[in-house]
Amino acid sequence: TLEYTLRKTIEGMAERLRDNPTDVNDLSALRAAIELTEELPFKVTLWSVQNVAYDLLQDIYPGVFDKKDTDEDAREWVGHFEVLAHKLSLRMD
């Protein structure tokens, strides 16, 4: 089905991000794909993407967040990640 194909594509994007977690382009592309799913007339199951994002929240986000005031790439990464986390219903506290 279309849901399966889209889910597998997004899961692959999430795995690429897991392999290279500070890549702003991969993060931006994943965010755009997640935003696309909101426009579809069917639900896309994203629990495995949520798991990847949660791991990034725990392991990568704090270090990048600490750099956001002095590093433009870190600031951009944090902005994309915070939107992605919200869209995946992850708690940021």
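All values below come from the heavy atoms of this structure, side chains included, with hydrogens, waters and symmetry mates left out.
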So, the side chain of Thr9 versus the backbone of Thr5: is there a donor-acceptor pair under 3.5 Å, distance only? yes
Which heavy atom of Thr45 sits nearest a heavy atom of Glu3, and at what distance? N-OE2, 3.0 Å
In this structure, CG of Asp19 is separated from CG of Asp26 (nearest 0.5 Å) by 9.0 Å
Between NZ of Lys43 and CD of Glu38, what distance do you get to the nearest 0.5 Å?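 So the NZ of Lys43 and the CD of Glu38 are separated by 10.5 Å.
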If you look only at pairs with a residue in residues 71-83, which of them pass as a side-chain hydrogen bond (donor to acceptor under 3.5 Å, both in side chains), with sequence neighbours excluded? Arg31-His80, Tyr61-Glu82, Glu72-Arg75
Could you check if a side-chain atom of [X] sits within less than 4.5 angstrom of a side-chain atom of [Y], using non-hydrogen atoms only?
X     : Y     : result
Phe42 : Leu2  : yes
Val83 : Lys87 : yes
Val44 : Leu40 : yes

Identified side chain to side chain contact (heavy atoms under 4.5 Å, CB included) partner of Leu30 from the options Leu84, Asn25, Val52: Leu84
When Leu17 is tested against each of Val49, Thr22, Ile60, Leu56 for side chain to side chain contact (heavy atoms under 4.5 Å, CB included), which residue passes?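 Output: one option passes, namely Leu56.
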Are Leu90 and Trp47 connected in a single hydrophobic cluster, I mean Ile/Leu/Val/Met/Phe/Trp/Tyr linked by side-chain heavy atoms less than 4.5 Å apart? no
Tyr4 reachable from Ile34 in the ILVMFWY side-chain graph, under 4.5 Å edges: no
Taking only residues two or more places apart in sequence or in another chain, which ones pass salt bridge (Lys or Arg N to Asp or Glu O under 4.0 Å) with Lys67?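 Expected list: none.
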Contacts of type salt bridge (Lys or Arg N to Asp or Glu O under 4.0 Å), residue Asp55, not counting sequence neighbours: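 With neighbours one apart ignored, the set is Arg18.
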